[in-house]
Student: 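Please see the structure below; I have some questions.
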Protein chains: 2
Amino acid sequence: MTATGAPRTIQDRALRPTAKVLPEHIRLNNRTLVLQTLYRAGLQSRADLARETGLTRVTVSDLISELMGENLVIELGQRQEPRPGKPATLLDINRSAFQIVSLDLSGHTRLRGAVLSLDGAVLSSSGLDLAGARGEAAYDTVAELLAQVIAAATAPILGVGIGSPGIVDRAGVVRNAPNLGWRDQPLQARLQELTGLPVRVVNDANAAVLAEHSFGGADHDLLLIKVGHGVGAGLLIGGRAIFGERFAAGEIGHVVVGTDDGPLCACGKSGCLEAWLSVPRLTAAIHDATAAAATPADAERATSDILTEAGRRLGIILAPVVGALNLLEIVLSGPPELLDGALSAATVETLRSRTMATETGDLTLRMTAQGEDIVLRGAAVMVLSAQLGVS
Amino acid sequence: MTATGAPRTIQDRALRPTAKVLPEHIRLNNRTLVLQTLYRAGLQSRADLARETGLTRVTVSDLISELMGENLVIELGQRQEPRPGKPATLLDINRSAFQIVSLDLSGHTRLRGAVLSLDGAVLSSSGLDLAGARGEAAYDTVAELLAQVIAAATAPILGVGIGSPGIVDRAGVVRNAPNLGWRDQPLQARLQELTGLPVRVVNDANAAVLAEHSFGGADHDLLLIKVGHGVGAGLLIGGRAIFGERFAAGEIGHVVVGTDDGPLCACGKSGCLEAWLSVPRLTAAIHDATAAAATPADAERATSDILTEAGRRLGIILAPVVGALNLLEIVLSGPPELLDGALSAATVETLRSRTMATETGDLTLRMTAQGEDIVLRGAAVMVLSAQLGVS
DNA sequence: CATGTTTGTTAGTAAACCTTACGAACGAAA
DNA sequence: TTTCGTTCGTAAGGTTTACTAACAAACATG
């Protein structure tokens, strides 16, 4: 045989096969493919799904009957458009049959929880003050909030998604979360045991970037900067979240910015990003400047200067990341009154001036449209992805 | 049904299914799995492969007979170890049946080519001076070198791998390579047409990082910095190369370092990484300092200072990337007399001092062991991956 | 009212892996 | 020397999957 006759691999599908594949895995893949297609577009007939997925009508029918048996898909009557041929039976995900429970543990003092629809809409929400609880007390507070939210659900719960600050591994163990006083806290396993529901625990910034991807119309490569009590990042490359070898990807709060020192940080270093950009630092600086200002105009100018400098610092630290990953889309999440103005303008300006113009010409930086629910919705995406393969 | 009864997906296998799967895809996956297992470990029996892959002996036998029919696998007699039972028939990839042709176009003035074995060993190599050729003339030079190397092969050629400087897209079109005077040069398609062989063209730094991964024992997450006439990076996350949305990932040469200006760069900005770190800049600076030095000791001290500062600059620009991606392994490729000493020591020191110590404590930075053949071997990895699914 | 089109289903086929069973070849123990 | 248990590779038959082909139902249109 000739060399050119050497076989092509499924390289486009998965770079290297890491496990054997059996016929039943085919079924799972195609089943999920159909579910995903239905989830994204909604209201389609079996024939539509066949055309969209490339499967035959026969196979789609078979998969749909399986999904209907599990109450995941329902028929919604016949299509009304006047067309030749037998009218199509419209299908959709049974969007009201299940609900998702999400918790956001990233608030410095207050934990939030919500019941969400399968579409990611917040149906009801509640909160609980952490009241300085740490360690096991913090866990108890989380469990109490979770019980509250579960009780508020009005349909079977598909699963529980939780966005936690700190370093969270793939098994949902919170390796380190200083604010909650947790080290190696097996939150996912404990809550799964406690509730009997499927639970997924992820880092809050990673949850946020998933929400932006699924509900914010973001592209496959996306960097989300979450500014709050601390500063963290969530990174999506090729539609996949990046976790890092020690699950600490996105932990850029304590990376030093620039070569001219800067404010002292709680971690002991000078000029960390968090020392420039965290909400407490910014509000304190603005407060001080406003108090010292002679006129309202002076105060406004001083405020703008502070935000511009913070934005510039963010741009300085992001420039190498944007260059190395060739990122085109950056999203900011946090208080819009701080981020959405002089700060983000300075960040874009700094990024453009410090990277190759030809590559960053179409770089976009914007605020998230998800508002404060971004972590809750991202945690719901994790549940959808884990339970249905859909997102 | 209950929510917990909702089906699990193949999420661990592939985040979201993007295409239908047919029975024949199973075959391809398992066939590649067997080939890969054999490629990495070598000299195994069918029963060994069955145990290793999880497939049954029956299936492995069937796949092996298919692979033997394509001359990709051969039998090598019976295992000699005294064990109970029927002795095993040892198998291996037919490593001498095919060879790989690689080109490295990243040299500023000289193009290199080589014939490699399936194991990535350089069997013979040759070179051709670019002699200032640009555009179509540069293409002709590449084609001439390729013909030379192909003629030197002593077995059927599995494919041609090429590492090119500049921005290369997934189809092997060189979007922009200033040194060669190429814009939107469809190098892969042209050379494939010309030679009738499968051709893969990738960016030189991306090829290098693949070589380090496959032959250098590197982990799944890896950043390779290639220092030459310019400075580029290749990035591997989860064992997959990162290309970027505009295929410009790793183009960090013209990202500005620090907040204190720096040398003027050819691109017009001040303080670009390339202005600190490229080989021409370093050698010129060292030359000047040596000439100005009063004593050999002064010269040595000045040289060390220059290299230390360059290393510090590299550390400054890598710190945000290392933090954002939680990288633990960085490899340098380039002239060891410049990189392997004060420079890399300063880079590690700077990285440690500018990122979270707890996360970068086990960060390693080292020179590549691949030497100057790194791009050639990486290009060969591309061929192995594309043609056999093996690497 | 006949015709063509579209939908969803039924029946049968091909491909892939699996389980079960078997002969061949070997070491160890009776 | 013979018997037994082990291991290897192969053969036969079964299961799962999706495909092709064919068809009835339901509709629009000329």
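Just so we're on the same page: letters track the sequence lines, and every chain starts at 1. Scope of the values below: all heavy atoms of this structure, side chains included, with no hydrogens, waters or symmetry mates.
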Student: Taking the side chain from B:Asn203 and the backbone from B:Val168, do they hold a donor-acceptor pair closer than 3.5 Å?
Tutor: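 Here the side-chain-to-backbone pair does not exist.
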Student: Could you say whether A:Ile26 or A:Gln78 is positioned toward the 5' end of DNA chain D, judged by the nucleotide with the nearest heavy atom to each?
Tutor: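 This one resolves to A:Ile26.
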Student: C:dA15 phosphate, OP1 or OP2: any side-chain N/O from B:Arg27 under 4.0 angstrom?
Tutor: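 B:Arg27 to C:dA15 OP1/OP2: no side-chain N or O under 4.0 Å.
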Student: Under the criterion side-chain hydrogen bond (donor to acceptor under 3.5 Å, both in side chains), which of B:Arg46, B:Arg51, B:Gln44 is the partner of B:Asp48?
Tutor: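 Only one option passes, and that is B:Arg51.
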Student: Is there a donor-acceptor pair closer than 3.5 Å between any side-chain N or O of A:Asn326 and the backbone N or O of B:Phe247?
Tutor: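 Present.
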Student: To the nearest Å, how far apart are B:Asp48 CG and D:dC8 P?
Tutor: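 For the pair B:Asp48 CG and D:dC8 P, the rounded distance is 7 Å.
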Student: Is it true that B:Arg31 and B:Glu70 make a salt bridge, defined as a side-chain N closer than 4.0 Å to a carboxylate O?
Tutor: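 Salt bridge: yes.
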Student: Can you sort out which residues in residues 52-64 of chain A have a heavy atom within less than 4.0 Å of DNA chain C? Ascending by number, please.
Tutor: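 Contacts with DNA chain C under 4.0 Å: A:Arg57, A:Val58, A:Ser61.
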Student: Does OP1 or OP2 of D:dG9 have a side-chain N or O of B:Thr89 closer than 4.0 Å?
Tutor: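 Yes, such a contact exists.
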Student: Is it true that a side-chain atom of B:Arg95 and a backbone atom of B:Leu118 form a donor plus acceptor pair closer than 3.5 Å?
Tutor: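 Looks like no, no N/O pair under 3.5 Å.
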Student: Whole Å only: how far is the CZ atom of B:Arg31 from the P atom of C:dA15?
Tutor: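 B:Arg31 atom CZ is separated from C:dA15 atom P by 17 Å.
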Student: Roughly how many Å is it from CG in A:Leu91 to P in C:dT7, rounded to a whole number?
Tutor: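 To the nearest whole Å, that distance equals 12 Å.
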Student: What string of B, S and - do you get for nucleotides 2-7 of chain D 5' to 3' if you count protein non-hydrogen atoms under 4.0 Å?
Tutor: ----BB
Student: Starting at atom CG of B:Leu28, determine the distance to atom P of D:dA18, rounded to an integer number of angstrom.
Tutor: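 Rounding to the nearest Å, CG of B:Leu28 and P of D:dA18 are 18 Å apart.
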Student: Does a sphere of radius 6.0 Å around CD in B:Glu193 hold more than 12 heavy atoms from other residues, nucleotides or ligands, not counting ones at 6.0 Å or beyond?
Tutor: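 For B:Glu193, atom CD is not crowded (no more than 12 foreign heavy atoms under 6.0 Å).
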Student: Using only atom types and a distance under 3.5 Å, with no angle test, would you say the side chain of B:Thr59 pairs donor to acceptor with the backbone of B:Leu55?
Tutor: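 Here the side-chain-to-backbone pair does not exist.
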Student: For A:Leu33 and D:dA18, what is the distance between atoms CG and P respectively, to the nearest whole Å?
Tutor: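 Taking atom P of D:dA18 as the reference, CG of A:Leu33 is at 11 Å.
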Student: What's the CD-P distance between B:Glu24 and C:dA14, to the nearest Å?
Tutor: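 It works out to 15 Å between those atoms.
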Student: Distance check needed: C:dG8 P versus A:Met68 CE, whole Å only.
Tutor: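 Computing the A:Met68:CE to C:dG8:P distance gives 11 Å.
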Student: Using 4.0 Å as the upper bound for N to carboxylate O, is an ion pair formed by A:Asp62 and A:Arg27?
Tutor: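 Looking at A:Asp62 together with A:Arg27, the answer is yes, because their closest N to O distance falls below 4.0 Å.
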Student: Rounded to whole angstroms, how far apart are CD on B:Glu75 and P on D:dG9?
Tutor: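 Taking atom P of D:dG9 as the reference, CD of B:Glu75 is at 8 Å.
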Student: Between D:dA18 and A:Asn30, is there an OP1 or OP2 to side-chain N/O distance shorter than 4.0 Å?
Tutor: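 Looking at the OP1 and OP2 atoms of D:dA18, one of them is under 4.0 Å from a side-chain N or O of A:Asn30.
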Student: Taking B:Leu376's backbone N and O only, do any of them form a donor-acceptor pair with B:Ser102's side chain (distance below 3.5 Å, no angle check)?
Tutor: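 Yes; judged by distance alone, with no hydrogens or angles, the pair exists.
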